[in-house]
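So the structure is just underneath, and the comments pick up after that.
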Amino acid sequence: MTETLGFCQEMRPESCGFILFGATGDLAARKIIPALFGLCEKKLTPRNFYAVLVSRTPLDRGALESRLWDTVLKAGFTPAPEVFSSFLERLEYIQADYESDAFYRRLADRLTALDAKSGVKKKRLFYLATPPAAFEPITSKLKTSGLLSDPTDCTCWSRVIIEKPYGSSLESAASLDAGLKLAAPEAQVYRIDHFTGKETVQNVMALRSANAVFDGTWNNRFVDHVQITVFEELGLEGRAAFFERMGLARDMMSHILQLAAITAMDLPSTFRDTDFKTEKRRFFESIRPLTREEVRRQTVRGQYAGYRSEPGVAPGSAEETFLAFKFLVDNDRWRGVPFYVRAGKKTGSKKTRIDVVYKKPDHGIFTHIDIGYPNVFSFGIQPEERVSFSLISKHPGPKLCFTPRSMGLDYRPEGHEAAGYPTDYERLLIEAMSGDQTLFLSSYEIGFMWQFLAPLLEAWSAAPATEPLHAYADGTPGPAAADELIKKDGRSWIQL
Ligand code: BG6
């Protein structure tokens, strides 16, 4: 087992009830129910805990249980019968009519009864896995029925988890946020971006804060540029209706910005959520927005060749499935260091990584020969969970020759220890049950993302002729124009 040093901060989820709206939907099946089951299987749920699944679909107990069984199998679990039974014992299902006051009264009564039965002291975590249009109506009904109270004079609490898409434009996101704020203040709202829950994403911050080598060189004196890659092997996976409205930029920008922030924000003085969010905000405030002209020069949209033949996709669809862009950060640490991003579906094998590329040497013999970029810090986020550092050393032998080498650290230990780690969604549920908002997005961050996206979306829709959609073959790393984007700055994408 890997040893830890003295400092171990542990999240302690509080005993609570978990209420999942939209329980028969796609998000619940793919992510939330598997995460709930995973927490039970790993014995990470709080001591006193129950879950209420809520949706409009009529389901009797038998249908619910077989549906849950299929869901956890599909998510890759092979549940031991006793673990699955104890999972079921903590669950119940209520058919909902989200518009009816009577439903919320029934829910309130049921939660009171379950609190008493399970020894939970009016602590409730509501997860709205519904379309965003339902966030405001549901939270407002929860509030008027007294289910969203969060008094300061009692240990009870109510929290609401919501999940992207947070609107589809700057305006729709602002109105969604305003509606939500009427029912629940910021301290009660937990906005998920599941990338922040990934082990390896958190490891970037851990490495940066514990190892002075990072902070000392993590700036424009040493770093030439940064690359962020979010490639997926899969295409639409039956999500044409969603993707045809959103496209890749809207779908993935939050994840991209979160990766950029943990890589480049100044380190907070503590890991308390308020300090963390303050520094993250300062970083976002320093990102220079793209002008219309920069959108033309610094962004590339692509679409994989088979996209228009996917079921549910319009024959002439202009939605992008690939995006590459460059942005700059106007602060003392990063001024002049370009950040290059590429993200896409059907771009070969799955690869999420961050590469911090150090400057070339500019002294001695290296003023006359170009040895490329000798030093790159690479953070493999998924599926390889690896940190590596490339450098150039002397090639063994009688001559003075140079040879590229790489040092690597596999992040996850093998064997049973790794099996007990929470996944991204499991971790985020634990954090929300513990009342820690560090890994969740603030209202400001959502607003920032849409502000950043707005000129891109405007330029693409206003002038499709000057903002072409480049085709790329399925399974390749995007269109040639993405290579040109970085090449014209005299650089190239890191080979994956
Ligand atoms: C989701 C996007 O937020 O993230 C999906 O909606 C994408 O389109 C997914 O596939 C990627 O997440 P992960 O954890 O599989 O890399």
Side-chain angles (χ1 to χ4, degrees), residues 22 25-35 38 74-76 127-132 161-168 173 190-204 228-260 262 301-304 307 310 312-313 317 319-323 341-354 379-386 411-412 421-429 439-441 445-446 449-450 453 474-475 477-478 496:
D26 179 57
L27 175 65
R30 282 188 304 110
K31 302 291 188 185
I32 307 162
I33 290 170
K74 206 166 167 201
Y127 199 129
L128 308 190
T130 58
I161 302 185
I162 53 171
E163 166 117 38
K164 76 180 189 53
Y166 301 106
S168 54
Y190 289 66
R191 297 178 190 82
I192 282 198
D193 177 315
H194 74 281
F195 271 45
T196 69
K198 293 184 190 291
E199 269 287 334
T200 41
V201 171
Q202 288 168 28
N203 188 37
V204 176
I228 295 174
T229 304
V230 189
F231 277 177
E232 294 185 76
E233 185 176 4
L234 300 175
L236 282 194
E237 295 299 288
R239 292 166 74 219
F242 168 81
F243 214 78
E244 279 284 275
R245 273 183 296 115
M246 302 301 275
L248 187 115
R250 288 181 176 93
D251 185 31
M252 296 301 284
M253 190 56 83
S254 171
H255 302 325
I256 291 166
L257 291 173
Q258 291 301 319
L259 292 179
I262 55 120
R301 299 167 77 219
Q303 190 185 70
Y304 62 83
Y307 179 72
E310 296 268 12
V313 170
S317 172
E319 289 305 334
E320 76 283 343
T321 62
F322 177 96
L323 172 67
V341 176
R342 54 185 166 160
K345 295 211 176 272
K346 287 244 172 153
T347 37
S349 54
K350 187 172 179 78
K351 277 224 163 33
T352 308
R353 56 185 279 163
I354 301 162
F379 299 95
I381 303 295
Q382 59 182 12
E384 291 94 347
E385 304 191 321
R386 196 158 206 278
Y411 174 63
R412 209 176 272 263
Y421 293 164
T423 62
D424 41 22
Y425 271 86
E426 290 167 10
R427 177 185 304 273
L428 291 167
L429 292 184
L439 300 182
F440 296 87
L441 274 47
E445 284 170 61
I446 304 296
M449 180 195 79
W450 285 112
L453 264 174
D474 299 13
L496 299 176

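Model, not experiment: these values are computed from the prediction. One-based numbering, in listed order, for ligands and for the atoms of each. Any value given below was found using the heavy atoms of this structure, including those in side chains, with hydrogens, waters and symmetry copies removed.
With a 4.0 Å cut-off on non-hydrogen atoms, Phe243 does not touch ligand 1 at all. Heavy atoms of Glu237 found under 4.0 angstrom from ligand 1: none, in either backbone or side chain.
Contact atoms of ligand 1 toward Gln382: 13 (P), 16 (O) (distance under 4.0 Å to a heavy atom of the residue). Each of the atoms 2 (C), 5 (C), 6 (O), 8 (O) of ligand 1 lies under 4.0 Å from some heavy atom of Asp251. Near Lys345, with a cut-off below 4.0 Å to any heavy atom, the atoms of ligand 1 are 5 (C), 7 (C), 8 (O), 10 (O). Listed by number with element, the atoms of ligand 1 under 4.0 Å from a non-hydrogen atom of Lys350 are 13 (P), 15 (O), 16 (O). Under a 4.0 Å criterion applied to the non-hydrogen atoms of Lys164, ligand 1 contributes the atoms 1 (C), 2 (C), 3 (O), 6 (O).
At least one donor-acceptor pair under 3.5 Å links the side chain of Asp193 to the backbone N or O of His255. Thr229 places no side-chain N or O within donor-acceptor distance of the main-chain N or O of Thr352, the cut-off being under 3.5 Å.
With hydrogens left out, the protein atom closest to atom 12 (O) of ligand 1 is His194 NE2, 3.1 Å, a heavy atom. Scanning all protein heavy atoms for the shortest distance to atom 14 (O) of ligand 1 gives Lys198 NZ, 2.6 Å. Nearest non-hydrogen protein atom to atom 5 (C) of ligand 1 is Arg239 NH1, 3.3 Å.
Residue Met252 comes nearest to Phe195 through the heavy atom pair CE-CZ, 4.4 Å, listed as atom of the first residue, atom of the second, then distance. Smallest separation of non-hydrogen atoms from Gly197 and Arg427: O-NE, 3.3 Å.
At least one cation-pi condition fails for Lys164 and Tyr166: the charged atom is not both under 6.0 angstrom from the six-membered ring centre and inside a 45 degree cone around its axis.
Taking only non-hydrogen atoms, the option from His255, Arg250, Glu163 nearest to atom 3 (O) of ligand 1 is His255.
The N/O atoms of Thr352, backbone and side chain alike, include none that comes under 3.5 Å of an N/O atom in ligand 1. Residue contacts with ligand 1: Glu232 is placed with a nitrogen or oxygen under 3.5 Å of a nitrogen or oxygen of the ligand (distance criterion only).
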